[in-house]
Amino acid sequence: MNAPVRVRFAPSPTGYLHIGGARTALLNWLWARHTGGKFVLRIEDTDRERSTDEAVAAILDGMRWLGLDWDEGPGVGGPFGPYFQMQRLDLYREYAERLVRGGKAFACYCTKEELDLQREQARAEKRQFIYPGTCRDLPYDPSRRHVIRFRLPKLEEVTFTDLVKGAITRPASTLQDEVIVRADGVPLYNFGAVVDDVTMEINLVARGDDHVNNTAIQVLLYEALGYPVPAFAHLPMILGADKTRLSKRHGATSVTAYRDMGFLPEAVVNYLVRLGWSHGDQEIFTGSELVEHFGFDHVGATAGVFNPEKMVWVNQTWMKSLPPAELAARSLPYYRAAGLEVEGDPRLPEVVRAFQERAKTLVDLVTQSRCFFAPVEMDPKAREKFLGPDAAPILLGIRDGISATATLDAGVLEKLFHDVAAARSLGLGKVAQPVRVALTGGTASPGIYDVVLLLGREESLQRIDAALRLCAG
RNA sequence: GGCCCCUUCGUCUAGCGGUUAGGACGUCGGCCUCUCACGCCGAAAACAUGGGUUCAAGUCCCGUAGGGGUCACCA
């Protein structure tokens with residue numbers, strides 16, 4: 001009765017892994033993991049014009065980064081391979097021939113040009129163009145260049161059930177004898193996908209919303225082939241702020257771009273799943289929580305607007321929750337990309353801890369903490385405002401205090417800063433800000449005592465001395 | 001244009017006939033405070049619209065409007 005779940009993600013390798021594709025892959029993966037089923041990755045590379053090996057690599061790279069491992073597919077193989085459509089051509093030919101022999105498909109000799117002309121004519125007459133069945137009853141002549149068309153059965157309408165949208169019905173009058181195999185023998189999407197889903201024993205097809213209109217003809221294909229129709233789940237699109245389909249002009253759309261911007265994969269996964277799926281009021285989910293709770297019954301039917309601000313919040317929330325050592329390890333490639341070699345630096349975990357709840361992304365973390373691993377880059381505005389002549393005596397006081405103390409710790413520093421402030425009847429801020437600018441080059445940083453401690457006595461003294469010279473003019 | 005799908009705060013959503021319509025992001029106030037964050041407290045903010053069904057409708061049905069998708073020898 002209940003066969004083990006087999007789902008698949010079937011991208012066409014025409015570009016990087018798009019945010020929308022990633023979500024489709026993710027939900028399939030979650031369902032497989034939730035049910036203990038199999039997650040199959042299949043590459044639909046039958047569009048030879050646009051498919052590239054680089055795109056395949058980019059997609060696999062994106063999926064690995066998100067942690068979406070596949071049970072069958074490129075690299076891992078599996079019992080239903082190969083998992084590239086261009087390596088399954090014999091299979092499609094066999095199934096197409098079966099259809100032709102059974103009278104359920106036929107050879108069509110119309111040329112692209114003839115059909116384009118007819119289409120144009122129909123448009124001129126404001127008529128819907130539907131293939132008129134020109135070659136429907138012609139004898140089969142393999143020597144003539146031809147495509148294979150599916151012979152649309154006589155029926156009123158086609159209905160199927162969608163796990164997220166419910167029953168969907170389409171009048172047969174809007175369907176036509178689709179071409180299923182090109183003249184060069186390469187199958188078209190509707191046919192290749194069906195044959196593969198049949199032979200790979202896929203029993204739930206979860207894919208983008210933009211495929212609902214293909215589903216009716218596919219249902220008919222399953223029936224013509226004599227196989228059970230799988231369950232369908234059509235996932236709503238991801239929109240940009242203007243409510244049109246998310247695209248480049250809305251900003252970054254590839255998952256690896258988010259990696260490069262310093263997002264944690266956990267956060268991207270978390271955000272993407274929550275966009276269109278919910279579990280009560282919960283916002284933050286670990287991977288295992290997602291696997292535990294995910295189900296198509298709570299996938300919404302409405303398209304969702306991609307909200308970068310919320311994704312940043314999710315990312316920041318995740319960064320705060322990671323152990324500092326873990327966060328430090330994750331930040332290494334980002335420091336490297338910024339030209340800072342911090343691996344093995346004993347201060348790294350402490351520095352990361354100091355910025356953990358201040359940074360929104362890993363890139364932000366690196367940017368903010370830069371002054372601990374590189375010379376001070378003095379912000380001119382900060383200098384002008386906080387390193388004037390009146391700052392000199394304050395800096396001097398702190399400088400002397402630090403150099404006079406044998407062992408620095410937070411308690412000592414707190415007393416020192418308070419004493420300097422009290423001696424001049426100033427608020428603590430009047431003392432801390434000039435020192436902060438002297439030590440970091442800017443006006444925002446972790447607590448000033450932490451900054452001194454992180455920098456250490458010698459470096460702190462040097463930086464204050466340098467600032468003193470600036471005060472002097 | 002035909003067909004298909006969708007419609008709760010600006011955004012993501014909870015709701016599955018009876019709720020002061022809840023949460024989150026963002027926004028705005030306040031608290032905390034050495035800066036920036038974090039955290040905490042509070043506020044503004046939604047059932048597209050018109051008809052039904054029902055004692056009762058955000059929840060069910062129909063229409064309208066709006067939005068999206070799709071109409072290839074692309075996927």
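Residue numbering restarts at 1 for every chain, and letters A, B, ... go by the order of the sequence lines. Hydrogens, waters and symmetry mates are skipped; everything else that's a heavy atom, side chains included, is used.
As rounded to whole Å, 11 Å separates atom P of rC4(B) from atom CZ of Phe160(A). Atom OH in Tyr16(A) sits roughly 20 Å away from atom P in rA75(B) (whole-Å rounding). Rounded to a whole Å, the CZ atom of Phe355(A) is 16 Å from the P atom of rU35(B). In this entry the distance linking CG of Asp281(A) with P of rG22(B) reads 11 Å, nearest Å. Computed from coordinates, the Asp210(A) CG to rC71(B) C1' distance equals 13 Å when rounded to whole Å.
Within 4.0 Å (heavy atoms only), Arg274(A) reaches at least one base atom of the nucleic acid. Residue Thr215(A) is out of contact with every strand shown, counting any heavy-atom pair closer than 4.0 Å. Within the 4.0 angstrom heavy-atom criterion, no nucleotide atom of any strand lies near Lys430(A). As judged by a 4.0 angstrom heavy-atom cut-off over every strand, Arg123(A) is placed among residues making no nucleic acid contact. Nucleic acid contact for Gln128(A): base, since at least one base atom lies under 4.0 Å from a heavy atom of the residue. Using a 4.0 Å heavy-atom cutoff across all strands shown, Thr14(A) reaches no nucleic acid atom at all. The residue Ala301(A) sits close only to the backbone: its heavy atoms come under 4.0 Å of sugar-phosphate atoms, none of a base. Using a 4.0 Å heavy-atom cutoff across all strands shown, Val305(A) reaches sugar-phosphate atoms only and no base atom. Counting any heavy atom pair closer than 4.0 Å across all strands shown, Gly276(A) reaches sugar-phosphate atoms only and no base atom. Residue contacts shown for Thr244(A) are limited to sugar-phosphate atoms, with no base heavy atom under 4.0 Å away.
Nucleotides rA24(B) and rG66(B) have their C1' atoms positioned 27 Å apart, rounded to a whole Å. rU33(B) and rC40(B) have their C1' atoms separated by 13 Å, with the value rounded to a whole Å. On the C1' atoms, rG69(B) is 38 Å away from rC28(B), given to the nearest whole Å. If you take atom C1' in rU13(B) and the same atom in rU54(B), they sit 29 Å apart, rounded to whole Å. Comparing rA14(B) with rC71(B), their C1' atoms sit 37 Å apart, to the nearest whole Å. Across the P atoms, rU59(B) and rC9(B) are found 14 Å apart, a figure rounded to whole Å. Spacing between rU27(B) and rA46(B) at atom C1', rounded to whole Å, works out to 16 Å. Taking atom P on both nucleotides, rU8(B) is separated from rG67(B) by 15 Å, rounded to a whole Å.
Looking at the side chain of Ala444(A), the nearest of the listed nucleotides rC36(B), rC3(B), rA37(B) is rC36(B). Taking only side-chain atoms of Lys165(A), from C-beta outward, the nucleotide of rA37(B), rU70(B), rC6(B) with the closest atom is rC6(B). You'll find that the side chain of Leu428(A) is closest to rC34(B), out of rC34(B), rG69(B), rU35(B). The side chain of Lys243(A) lies closest to rU11(B) when the candidates are rA37(B), rU11(B), rA75(B). The listed nucleotides are rG68(B), rC3(B), rC34(B); the one nearest the side chain of Ile448(A) is rC34(B). In the set rC25(B), rA37(B), rU35(B), the nucleotide with an atom closest to the side chain of Trp313(A) is rC25(B). In the set rC38(B), rA75(B), rG15(B), the nucleotide with an atom closest to the side chain of Ser12(A) is rA75(B). Candidate nucleotides rC73(B), rU13(B), rC71(B) were compared by shortest atom distance to the side chain of Ser278(A), and rU13(B) ranks first. Listed nucleotides: rC34(B), rC73(B), rA75(B). Nearest to the side chain of Lys112(A): rC73(B). Nearest to the side-chain atoms of Leu275(A) among the listed nucleotides rG22(B), rA75(B), rC12(B) stands rC12(B).
Side-chain N/O atoms of Asp209(A) and base N/O atoms of rG69(B) include no donor-acceptor pair closer than 3.5 Å. For Arg358(A) against rC36(B), a side-chain-to-base donor-acceptor contact under 3.5 Å is present. Within 3.5 Å, no donor on the side chain of Gln282(A) pairs with an acceptor on the base of rG23(B), nor the reverse. For a distance-only test at 3.5 Å, the side chain of Arg436(A) qualifies as a donor-acceptor partner of the base of rC34(B). Residue Asn214(A) places a side-chain atom within donor-acceptor reach of the base of rA75(B), judged by atom type and a 3.5 Å distance cut-off alone. Below the 3.5 angstrom threshold, one finds a donor paired with an acceptor across the side chain of Glu283(A) and the base of rG23(B).
For rA37(B), there is no paired base (Watson-Crick or G-U wobble, both distances below 3.5 Å). When Watson-Crick and G-U wobble pairs are counted only if both distances are under 3.5 Å, rG63(B) pairs with rU49(B). In this structure, rC3(B) forms a base pair with rG69(B), meeting either the Watson-Crick or the G-U wobble geometry with both donor-acceptor distances under 3.5 Å. Both distances falling under 3.5 Å, in either a Watson-Crick or a G-U wobble arrangement, occur for no nucleotide opposite rC9(B). The nucleotide rG18(B) finds its pairing partner in rC55(B), both defining distances of the Watson-Crick or G-U wobble pair being shorter than 3.5 Å. rG42(B) is paired with rC28(B) under the Watson-Crick or G-U wobble criterion, all donor-acceptor distances under 3.5 Å.
For the pair Thr111(A) and rC73(B), the criterion of a side-chain N or O lying under 4.0 Å from OP1 or OP2 is not met. Contact check, Arg245(A) against rU70(B): a side-chain N or O comes under 4.0 Å of OP1 or OP2. Residue Arg182(A) has a polar side-chain atom (N or O) positioned under 4.0 Å from OP1 or OP2 of rC74(B). Put simply, Arg119(A) has a side-chain N or O that comes within less than 4.0 Å of OP1 or OP2 on rC73(B).
Taking 4.0 Å as the cut-off between side-chain N and carboxylate O, Arg383(A) and Asp379(A) do not count as a salt-bridged pair. Between Arg274(A) and Glu283(A) there is a salt bridge, with a side-chain nitrogen of the basic residue lying less than 4.0 Å from a carboxylate oxygen of the acidic one.
Between the side chain of His250(A) and the main chain of Lys248(A), no donor-acceptor pair closer than 3.5 Å is present. Gln368(A) contributes a side-chain N or O that, together with a main-chain N or O of Arg358(A), makes up a donor-acceptor pair within less than 3.5 Å. The main-chain N or O of Glu120(A) is never found under 3.5 Å from a side-chain atom of Glu125(A) such that the two would form a donor-acceptor pair.
By the 6.0 Å contact criterion, CZ on Arg353(A) is open, its count of non-hydrogen atoms from other residues, nucleotides or ligands being 12 or less. When the shell of 6.0 Å around CZ of Arg123(A) is examined, it contains 12 or fewer heavy atoms from other residues, nucleotides or ligands.
Partner His234(A) forms a side chain to side chain donor-acceptor pair (under 3.5 Å) with one of Asn213(A), Asp209(A), Asp210(A), Asp162(A) and no other, that one being Asp162(A).
Considering every non-hydrogen atom in both His279(A) and Phe285(A), the closest pair reads CB-CZ, 3.7 Å.
Both His211(A) and Pro446(A) lie close to RNA chain B; mapped to their nearest nucleotides by heavy-atom distance, the more 5′-ward contact belongs to Pro446(A). Remark on RNA chain B: of its neighbouring residues Phe306(A) and Glu178(A), the 5'-side contact belongs to Phe306(A), judged by nearest-heavy-atom nucleotide.
Remark: Arg145(A) fails to qualify as a cation-pi partner of Tyr109(A) under the 6.0 Å distance and 45° angle criteria applied to the six-membered ring.
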